[in-house]
Amino acid sequence: MTQAVPLKKNPTPMETVGQVFAVIRTGAHSIVTRQGKLVKLDRGSISNASQELLERFLTATLNGLIERREHMKESVLTSSFYLDPTGSRGYTAFTVLQLNGGGITSEEIEYFRAAVAILSSEVIGQPSLFAATQKLASLDREDEDYLRDEALKFLQKFGGQKIKKTVFIHLGFDDREGQAIKDSLPLIEATEVVNEVEEGFAKPDGYSISGNEIYLLRVKGHSVETRLRKPLKVATHST
């Protein structure tokens, strides 16, 4: 349960929080700060299982998206808890997702906001409300397929889990409405995994620790096709 957090006599200085592409919070009122100046909290200050579950899912999936985008290899996704001490409805804590690193552009921020919109839509099993209220960036088809696949895996594992308190996902501080995730996650039947055999040559292009996957670039002739980057799940064997 998310609780109001009283300010200390000597509170942590307020920080200007930039390069934010998503905010996750619980509560009946889908309101986030317009100021971008927040007080950072220890993770022990807030405990809401649904919020933390969605945070872990978004963080792991979007870190995978960073790994897929070669020009973002120096970028880092950070997830932190903050509160807005100027809020009129109490000191509500948010999870703030940011992109950090050299060369982060406004286009990259918008790209990741569009990725969050797709993931939130897939998780609730309904068309995205973001698409009706905001102009979202267009994603590469391969990235879109990756996001939908990860959302499917998430629901196969956690589908049917109760959401005890509504969780709102916002695409940054200026998103006043947000996408509500409430009641329970959609329950779907686990599908049988079909192993596809694909022959050819490929060059290693990274490893995802969170997804336990090796990424390969297909080689045709004497050239490497950088657009055909495919993940290969690493098999594990029990002894």
Side-chain angles (χ1 to χ4, degrees), residues 1-2 20-33 46-66 68 77 79-82 89 92-99 109-193 210-211 231:
M1 175 178 177
T2 305
V20 175
F21 63 88
V23 176
I24 311 169
R25 57 152 295 174
T26 58
H29 303 284
S30 56
I31 299 174
V32 294
T33 180
I46 182 172
S47 178
N48 181 281
S50 299
Q51 182 173 345
E52 291 177 4
L53 177 63
L54 289 166
E55 176 193 346
R56 289 196 302 270
F57 163 62
L58 289 175
T59 301
T61 303
L62 295 172
N63 270 322
L65 182 59
I66 288 177
R68 293 172 59 85
L77 185 154
S79 173
S80 306
F81 283 128
Y82 289 91
R89 299 184 186 275
T92 306
F94 313 138
T95 298
V96 177
L97 301 184
Q98 301 167 264
L99 284 176
I109 298 294
E110 292 304 320
Y111 197 89
F112 274 73
R113 284 178 178 162
V116 171
I118 288 177
L119 291 173
S120 63
S121 174
E122 293 293 314
V123 164
I124 64 174
Q126 298 177 11
S128 173
L129 294 179
F130 295 126
T133 59
Q134 303 187 41
K135 184 177 180 181
L136 299 173
S138 297
L139 271 63
D140 296 339
R141 178 61 184 272
E142 294 87 352
D143 288 345
E144 207 170 310
D145 289 343
Y146 159 76
L147 295 172
R148 297 189 193 282
D149 287 345
E150 292 301 309
L152 178 60
K153 295 175 189 175
F154 174 77
L155 290 178
Q156 286 174 342
K157 185 174 183 180
F158 296 105
Q161 183 164 313
K162 297 294 184 182
I163 304 294
K164 294 182 179 180
K165 194 170 186 179
T166 302
V167 178
F168 290 92
I169 297 178
H170 303 263
L171 302 185
F173 294 133
D174 290 329
D175 177 13
R176 307 305 291 167
E177 299 299 326
Q179 175 78 67
I181 301 176
K182 56 186 178 180
D183 300 327
S184 64
L185 296 172
L187 183 62
I188 63 174
E189 294 183 2
T191 56
E192 182 180 354
V193 177
S210 60

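Note that the structure is a prediction, hence the values are computed from the model and not measured. Because only heavy atoms are used, hydrogens play no part in the values below, and waters and symmetry mates are left out as well, while side chains stay in.
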Minimum-distance pair of heavy atoms, taken over all atoms of [X] and [Y]:
X      : Y      : value
Ala151 : Phe57  : CA-CZ, 3.8 Å
Ala22  : Val116 : CB-CG2, 4.1 Å
Thr59  : Ser79  : OG1-CB, 3.9 Å
Ile66  : Leu99  : CD1-CD2, 3.9 Å
Val20  : Phe173 : CG2-CE1, 3.8 Å
Thr26  : Gln51  : CG2-OE1, 3.4 Å

[X] side, atom [atom1]; [Y] side, atom [atom2] - distance, nearest 0.5 Å:
X      : Y      : atom1 : atom2 : answer
Ser50  : Ile24  : OG    : CD1   : 11.5 Å
Asp149 : Thr61  : CG    : OG1   : 10.5 Å
Arg56  : Phe158 : CZ    : CZ    : 6.5 Å
Leu187 : Leu155 : CG    : CG    : 9.5 Å
Asp175 : Ile169 : CG    : CD1   : 10.5 Å
Lys153 : Arg148 : NZ    : CZ    : 15.0 Å

| query | Which is it for Leu54 and Phe154 under the side-chain contact (heavy atoms from CB on, under 4.5 Å) test, yes or no, and what are the steps along the way? | reply | CA-CA 10 Å; Leu54 289 166; Phe154 174 77; 4.3 Å; yes
Would you mind reporting whether [Y] and [X] have side-chain heavy atoms less than 4.5 Å apart?
X      : Y      : result
Ile118 : Glu144 : yes
Arg68  : Tyr146 : yes
Phe81  : Thr95  : yes
Leu53  : Leu185 : yes

| Passing candidate, side-chain contact (heavy atoms from CB on, under 4.5 Å) with Leu65, options Leu119, Asp143, Leu77 | Asp143
| field | Carboxylate-amine/guanidinium proximity below 4.0 Å for Asp145 and Arg141 | value | yes
| field | Ser120 and Gln179 side chains, donor-acceptor separation under 3.5 Å | value | no
| field | Side-chain donor or acceptor of His170 paired with backbone N/O of Val23 under 3.5 Å | value | no
| query | What residues form a side chain to side chain donor-acceptor pair (under 3.5 Å) with Gln161, not counting sequence neighbours? | reply | none
